[in-house]
> 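Got a structure for you, written out below as structure tokens; questions coming shortly.
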Amino acid sequence: MTTAREQFERHVAWTSTAPMALEVDRAEGPYIWLADGRRLTDLISGIAVSSLGHRHPAVMAAIQKQLDRHLHVMVYGEFIQEAQSALAGLLARVLPGDLSTAYFTMSGTEANEGALKLAKKATGRTRLVAFEGSYHGDTHGSLSVTGRSVYRDPFLPLLPGVTFLPFDQIDALAEIDNTVAAVITEPIQGEGGVRVPSRAWHAALRARCTEVGALLIFDEIQTGMGRTGTLFAAEQFGVIPDIMTLAKALGGGMPIGAFVSRPEIMRALRENPPLSHVTTFGGHPVSCAAAHAALSELVKTRLYERAPLIEARVRAALDIPGVVEVRGMGAMLGMVLRTADETAHVVDACLSDGVLLGWTLHSDTLVRIAPPLNIPDDALDAALEVIRTAVQ
Ligand code: PMP
């Protein structure tokens, strides 16, 4: 019989020459069990997805309930589907300002594609501004505003009219003028190395966009859904964007994304021509049911309030020689080590000892720490002890 590993090696497309290739058996709460029986404590949450842990009971129950009603019935936007409407309504209630109209997608990069198209259509402008070190996804539009040339160069030409500015530099914001349709940024850069910009920069960015009529897009695909200690990172900086994009943890483990805006902006997608931005599977009812359950749970239990407690525990445990810095906010943290070799060694040693850590796309000395928000203290402490041993 051909094993799953053999088929993976022969028939599944790889994204690098050395995938982790861990064979999953099952996952529950903060743990993943491998086919060889090993149990891993998940400190990366499938890259900021499993904020409620794996297979949260409320999410599982909502999925089961939706499975018994209907799966896909019609392309996005035509039929009224209870799961989708309920999710849109809940998002409108918890999002800041008047971000009250949601367009659902299947992934993060698609949410950004939609947001960029919406901004162009709503403003009638074409220029886009993004920031160095950013990551917004791997489809052509999102890649065009991703601030690392090493990832863009193999795919040139990309979208014209994109200007990259240095991140977190107030002076540079003067470049944003009245030809700009949208400025897109992560409130905290994730793949760029978990970089937290200043509150003053956020305020200046918001003011400049308002002054010149450029729409401000916050990509909260990684920072959203409670990861930084508030439901959305925008709240940490006291800024409300014109468009917000969400994905990852939004679905509680199911694939879904969204771009959300004010009704008068989102209206631009209705006409001239109608159906100018459509999707078959966006807002799939099972994903929406899962997302609604996950968000309800987050709001009801205020689980996002655990993020700063996780941060404090991680910072205290990793205040040791060998760790250059721990940066980030809440449960979106990065541990900086001295060299790339040492970093690879620490990640490997932790894996051997049952702790799953991750890398970020743009750095080889930064180890991502983004556990489920409901990881029990003793599980977190045990995992941190494994990291301490590996570093020292
Ligand atoms: N934006 C940000 C900030 C992300 O971190 C990611 C994924 N790492 C994306 C967009 C792309 O999301 P997806 O992989 O769902 O397309």
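Indexing begins at 1, ligand by ligand and atom by atom, following the structure's order.
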> Looking only at N/O atoms, are Glu110 and ligand 1 under 3.5 Å apart anywhere?
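No: no nitrogen or oxygen of Glu110 is under 3.5 Å from one in ligand 1.
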> Hey, are Asp25 and Arg39 close enough for a salt bridge, meaning a charged N less than 4.0 Å from a carboxylate O?
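Here Asp25 does not pair with Arg39 in a salt bridge, since their nearest N and O are not under 4.0 Å apart.
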> Could you tell me if any non-hydrogen atom of Ile47 lies under 4.0 Å from any atom of ligand 1?
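The answer is no, since Ile47 has no heavy atom less than 4.0 Å from ligand 1.
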> Given Leu43, which of Leu356, Val355, Leu333 fulfils the side-chain contact (heavy atoms from CB on, under 4.5 Å) condition?
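Considering Leu356, Val355, Leu333, a side-chain contact (heavy atoms from CB on, under 4.5 Å) with Leu43 is found only for Val355.
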> Against Glu385, only a single residue in Ile387, Thr389, Asp381 fulfils side-chain contact (heavy atoms from CB on, under 4.5 Å); can you say which?
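By the side-chain contact (heavy atoms from CB on, under 4.5 Å) criterion, Glu385 pairs with just one of Ile387, Thr389, Asp381: Thr389.
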> Give me the ring orientation class for Phe167 and Phe131: parallel if the planes are under 30° apart, tilted from 30 to 60°, perpendicular past 60°.
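Perpendicular.
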> Looking at Glu191, which atoms of ligand 1 are within less than 4.0 Å of one of its heavy atoms?
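Near Glu191, meaning under 4.0 Å from one of its heavy atoms, ligand 1 has 8 (N).
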> Please state whether the rings of Tyr103 and Tyr76 are parallel, tilted or perpendicular, taking 30° and 60° as the class boundaries.
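Tilted, since the angle between the ring planes falls between 30° and 60°.
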> Output yes when a side-chain donor or acceptor of Lys248 lies under 3.5 Å from a complementary backbone atom of Met225, and no otherwise.
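No; judged by distance alone, with no hydrogens or angles, the pair does not exist.
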> Need the ligand 1 atom indices (1-based, order shown) with element for anything under 4.0 Å from a heavy-atom of Gly108.
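Those atoms are 12 (O), 13 (P), 15 (O), 16 (O).
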> Please could you name the atoms of ligand 1 that Asn112 approaches to less than 4.0 Å, counting only its heavy atoms?
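Close to Asn112: 1 (N), 10 (C).
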> How far is atom 16 (O) of ligand 1 from its nearest protein heavy atom, and which residue and atom name does that atom have?
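Among all protein heavy atoms, the one nearest atom 16 (O) of ligand 1 is Thr109 N, 2.8 Å.
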> Does the protein put any heavy atom within less than 4.0 Å of atom 5 (O) of ligand 1?
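Yes, at least one protein heavy atom sits under 4.0 Å from atom 5 (O) of ligand 1.
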> By number and element, which atoms of ligand 1 are closer than 4.0 Å to a non-hydrogen atom of Lys248?
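Answer for ligand 1: 4 (C), 5 (O), 6 (C), 7 (C), 8 (N).
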> When you check the gap from the basic side-chain N to the acidic O, do Asp319 and Arg388 get nearer than 4.0 Å?
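No, no charged N to carboxylate O under 4.0 Å.
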> Suppose I only count heavy atoms of Glu186 and a 4.0 Å limit; which atoms of ligand 1 are within that range?
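The list of qualifying atoms is 3 (C).
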